[in-house]
Asker: 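Below are the structure tokens for one structure; questions will follow.
Lettering follows sequence order; numbering is per chain, from 1.
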Amino acid sequence: MITYITRRILISIPIIFLVVLVTFLLVQAMPGGPFDFVGIRVMPEHMRRIMEDRYGLNEPISVQFFRYFGSLLQGDLGPMLRLRSQTVNDIVAETFPVSIQLGTMSLAVGFIIGIPAGIIAALKHNTFIDYSATFIAVLGVSIPSLVLGPILIYIFGVWLGWLPIAFWGSEPPFILGFLPKPTMDFWTHAALPVFSLGTGYSAGVARLTRAGLLEVLDSDYIRTARAKGLREQAVVIVHALKNSLIPVVTIIGPMLAGAITGAFITETIFALNGMGRRFVESITQREYFLQTSLVLIFGILLIAGNLLVDVLYAWLDPRIRYD
Amino acid sequence: MIAELELEKIQEETKGRSPAQDAFREFRRNKVAVGGTLFILLVVIVALAAPVFTPYHFAEQNNLNNREKPMTGYLVTTDRLPDCHWANTPLEWGCTIFFAGSDSLGRDIWSRVVYGGRVSLAVAVVASSVALGIGIVYGTVSGFAGGSVDNVMMRIVDFLWAIPMLPIIILMTVYFKALSRAGVDTGVAGFLISLDRAAGGLLFVFIAMGALNWIGMARLARGQVLSYKQKEFIEAATALGATNSRIIFKHLLPNIIGPLLIAESMAIPGYIFFEAALSFIGLGVNPPTPSWGAMINEGYAGIRSNPHLVLVPGLALVFTTLAFNFMGDGLRDAFDPRMRGKN
């Protein structure tokens with residue numbers, strides 16, 4: 001197992017290298033540059049040349065890339081070109097925790113609601129409970145956070161006035177660099193964005209759990225377990241559940257990566273200072289180093305997520321061996 | 001004994017019916033799925049014949065009537081009337097009513113939602129055809145060739161699977177849009193940009209979605225080909241001297257196409273969401289072409305005073321994806337023999 005994990009990490013190094021290379025080239029190839037304007041006025045030619053000189057942007061692209069890659073290896077993600085009072089490291093330090101908190105909490109909501117709902121629907125197969133749970137789940141996967149976010153804002157923020165509708169309730173410094181201070185303010189601010197992102201996940205998880213459990217409950221070893229007189233609870237919890245959750249587990253990794261990369265919609269609607277929104281906003285600013293670094297972080301998260309899934313897979317299903 | 005009797009009964013019942021006919025019967029019994037399909041047909045008809053169903057063109061502004069609430073009438077000056085699709089028809093009374101309100105530029109929301117349906121449906125059709133087309137070709141070649149060709153092709157897929165496609169696709173979309181604004185009109189880029197203008201800014205959305213989604217389809221197609229390649233009827237065809245192309249087109253594709261079509265129909269809601277998300281952040285359609293995502297973006301900041309600006313396109317998006325989900329689920333259940341007789 002350890003050799004397998006090591007090998008996977010070694011394989012991912014060239015992948016990461018290529019991702020950074022492609023992104024760096026793509027970002028630099030865009031027409032226009034970070035120093036085209038001062039405010040709303042066009043930056044004078046000589047001034048622009050001084051600025052480009054300072055950040056080495058007039059050197060050959062290969063030189064620039066390897067200098068950037070060298071600084072990455074030392075943990076320096078590069079300078080900011082427009083917001084020059086900060087570095088990319090500063091931006092990542094303030095946005096990464098927000099994205100991680102939002103992503104993990106939404107996933108947690110997804111699993112806490114989705115798994116029990118799926119189990120109940122499967123156990124009450126073809127009853128009213130099953131039909132309504134299935135219907136709600138289909139409804140859940142059909143409402144994107146793009147629509148659910150504004151609707152939740154309208155109901156809970158504007159109409160009822162219970163919850164705040166914008167900003168993240170936790171500010172840097174974070175505990176251990178990424179954990180929020182669990183104040184009341186934090187929970188109230190988190191409620192709407194987490195639910196608007198998490199509802200889709202809970203519906204998807206519920207459908208997967210239901211389908212998986214139904215399939216397992218039909219299998220021979222469950223009949224054996226029932227035949228030897230086990231109580232229904234023991235059959236479901238000890239025998240069926242573990243195997244039925246395998247398909248659910250396989251989506252955790254991509255889901256977490258997706259919840260962090262793809263949360264830019266939720267982050268935009270709720271004005272959260274997360275990585276996705278920062279990425280989208282920085283594109284028009286031509287923040288070369290910020291964009292490349294964020295894609296690098298997304299890439300690492302995705303690879304880590306996939307690796308986590310494979311490890312969990314082997315743990316849940318002993319028939320799977322990696323060597 | 002009882003099992004045999006049951007089997008005979010089933011054989012008697014299904015005599016002379018192909019699996020596809022069986023599936024169709026099963027599908028027709030699923031009322032929710034049929035309802036979803038009918039709703040999609042309705043949306044298709046309304047969107048295709050948009051000028052018949054809407055009073056105004058989507059870009060038609062009535063600046064005196066900004067942000068009107070739904071079902072409010074307004075004054076339309078006589079010089080405006082010829083712009084109305086319904087002028088000089090029995091529906092002329094509808095020319096002075098905002099059925100779903102108007103937006104900040106005084107454009108009729110109902111008209112924009114209907115025309116926006118064209119965008120979502122075009123995305124659903126084109127993106128799924130592109131993903132299906134590339135995926136089938138890639139997966140079939142890889143699975144059928146086998147050996148080192150298969151190995152190399154699957155390593156490429158593994159590589160693409162491991163990179164964060166979404167941000168890179170977003171960057172590429174921005175890149176082409178920036179080139180288009182910079183007025184590049186030479187070479188491949190220029191050709192693509194002129195195509196994109198003709199498609200209302202949708203071309204890059206299509207490319208983005210094709211690039212994002214063919215990978216899963218290719219894996220599925222390859223798996224199907226691999227499982228059928230071992231079957232006796234393929235072996236028999238080979239023994240009888242059938243050419244590779246005959247085996248692929250006559251024997252393999254008809255067998256593998258069903259599951260792939262079903263998988264693709266279940267992916268359509270994702271495509272519709274993705275287009276809405278791209279348009280929401282301003283990377284989708286070019287204004288003034290309406291898209292449900294772009295309309296939500298225009299409306300969500302003012303939700304306190306004008307919730308209909310978000311609700312109307314939002315509900316259109318939800319109902320359409322809901323219908324596609326119901327249809328996809330119905331298709332899956334109908335073609336899965338294990339689900340027979342269970343619902």
Asker: Any idea which of B/Trp161, B/Phe280, B/Phe326 has the most non-hydrogen atom pairs under 4.5 angstrom with chain A?
Answerer: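 When all of B/Trp161, B/Phe280, B/Phe326 are compared, B/Phe280 has the most.
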Asker: Against chain B, work out which of A/Thr284, A/Ile269, A/Asn306 has the most heavy-atom pairs shorter than 4.5 Å and name it.
Answerer: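 Result: the option with the highest number of such pairs is A/Ile269.
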Asker: Report which part of A/Phe279 has an atom under 4.5 Å of a heavy atom belonging to chain B: side chain, backbone, both, or neither.
Answerer: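 The side chain, not the backbone.
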Asker: Below 4.5 Å, heavy atoms only, C-beta onward: do B/Leu311 and A/Ile151 meet side chain to side chain?
Answerer: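 They are in side-chain contact.
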Asker: A quick test of your reading: do over 12 heavy atoms of other residues, nucleotides or ligands sit less than 6.0 Å from CZ of A/Phe195?
Answerer: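 No, because the 6.0 Å sphere around CZ of A/Phe195 holds 12 heavy atoms or fewer from other groups.
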Asker: Let's test your reading of the structure: which of A/Ile165, A/Ile300, A/Leu148, A/Val141 forms the most heavy-atom pairs below 4.5 Å with chain B?
Answerer: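 It is A/Val141.
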Asker: Does anything in residues 308-331 of chain B form a salt bridge (charged side-chain N to carboxylate O under 4.0 Å, His left out)? List the pairs, not counting sequence neighbours.
Answerer: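 Pairs touching residues 308-331 of chain B that pass the test: A/Arg207-B/Asp329.
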Asker: Using only non-hydrogen atoms and a strict under-4.5 angstrom cutoff, which residues of residues 287-297 of chain A touch chain B?
Answerer: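 The stretch touches chain B at A/Gln291, A/Val295.
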Asker: So, do B/Ile170 and A/Phe264 sit near enough that their side-chain heavy atoms are less than 4.5 Å apart?
Answerer: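 Answer yes - side chains close enough.
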Asker: Quick check on B/Met172 against chain A: is it the side chain, the backbone, both or neither that has a heavy atom closer than 4.5 Å?
Answerer: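 For B/Met172, the contact with chain A is made by backbone and side chain together.
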Asker: Can you pull out the residues in residues 18-30 of chain A with any heavy atom less than 4.5 Å from chain B?
Answerer: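 So far as heavy atoms go, A/Leu18, A/Val19, A/Thr23, A/Leu26, A/Val27, A/Ala29, A/Met30 are the residues that approach chain B to under 4.5 Å.
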Asker: Given the options A/Leu302, A/Leu301, A/Val158, which has more heavy-atom pairs under 4.5 Å with chain B than any of the others?
Answerer: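 Winner by heavy-atom pair count: A/Leu302.
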Asker: Take atom CZ in B/Phe319; do more than 12 heavy atoms of anything else shown fall under 6.0 Å from it?
Answerer: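 Counting other residues, nucleotides and ligands, CZ of B/Phe319 stays at 12 neighbours or fewer.
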Asker: Go through the atoms of B/Val310 and report whether side chain, backbone, both or neither lie under 4.5 Å from a heavy atom of chain A.
Answerer: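 Looking at B/Val310, just its side chain touches chain A.
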Asker: Please flag which part of A/Leu139 lies under 4.5 Å from any non-hydrogen atom of chain B: side chain, backbone, both or neither.
Answerer: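 Looking at A/Leu139, backbone and side chain both touch chain B.
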Asker: Ring centroid separation for A/Phe270 and B/Tyr300, is it under 6.0 angstrom?
Answerer: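 Not under 6.0 Å, so no.
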Asker: Considering only heavy atoms and a distance below 4.5 Å, find which of A/Pro144, A/Pro150, A/Gly32 pairs most often with chain B.
Answerer: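 Sorted descending by pairs with chain B, the first entry is A/Pro144.
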Asker: Output the distance between atom CG (A/Leu146) and atom CG (B/Asn297), rounded to the nearest 0.5 Å.
Answerer: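 Rounded to the nearest 0.5 Å, the CG-CG separation comes to 8.5 Å.
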Asker: If I measure from the heavy atoms of chain A, does B/Leu322 come under 4.5 Å with its side chain, its backbone, both, or neither?
Answerer: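 Contact with chain A: backbone and side chain both.
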Asker: Side chain from CB out, backbone as N, CA, C, O: work out which of these in A/Ile143 comes under 4.5 Å of a heavy atom of chain B, or both, or neither.
Answerer: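 Looking at A/Ile143, backbone and side chain both touch chain B.
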Asker: Would one find more than 12 heavy atoms of other residues, nucleotides or ligands at under 6.0 Å from atom CZ of A/Phe167?
Answerer: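 For A/Phe167, atom CZ is not crowded (no more than 12 foreign heavy atoms under 6.0 Å).
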Asker: Counting only heavy atoms not in B/Arg304 (residues, nucleotides, ligands), do more than 12 fall under 6.0 Å from its CZ?
Answerer: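 Atom CZ in B/Arg304 is not packed in, count stays at 12 or less.
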Asker: Does any heavy atom of chain A fall under 4.5 Å from the side chain of B/Pro269, the backbone, both, or neither of them?
Answerer: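 For B/Pro269, neither part sits under 4.5 Å from chain A.
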Asker: So which residues of residues 271-278 of chain B are in contact with chain A at a heavy-atom cut-off of under 4.5 Å?
Answerer: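 Interface residues of residues 271-278 of chain B: B/Phe273, B/Ala276, B/Ala277.
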Asker: If you take all heavy atoms of B/Ala162 and A/Ile15, which pair is closest and at what distance?
Answerer: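 Distance-wise, the nearest heavy atoms are CB-CD1, 4.0 Å.
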Asker: Of the backbone (N, CA, C, O) and the side chain (C-beta and beyond), which part of B/Ile163 lies under 4.5 Å from a heavy atom of chain A, both, or neither?
Answerer: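 For B/Ile163, the contact with chain A is made by backbone and side chain together.
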Asker: Looking at A/Phe65, I'd like to know if its CZ atom is crowded, meaning that more than 12 non-hydrogen atoms belonging to other residues, nucleotides or ligands lie closer than 6.0 Å.
Answerer: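 Yes, the 6.0 Å shell around CZ holds more than 12 heavy atoms from other groups.
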Asker: Atom CD1 in A/Ile283, atom CD1 in B/Ile281: separation rounded to 0.5 Å?
Answerer: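 Output value for this atom pair is 6.5 Å.
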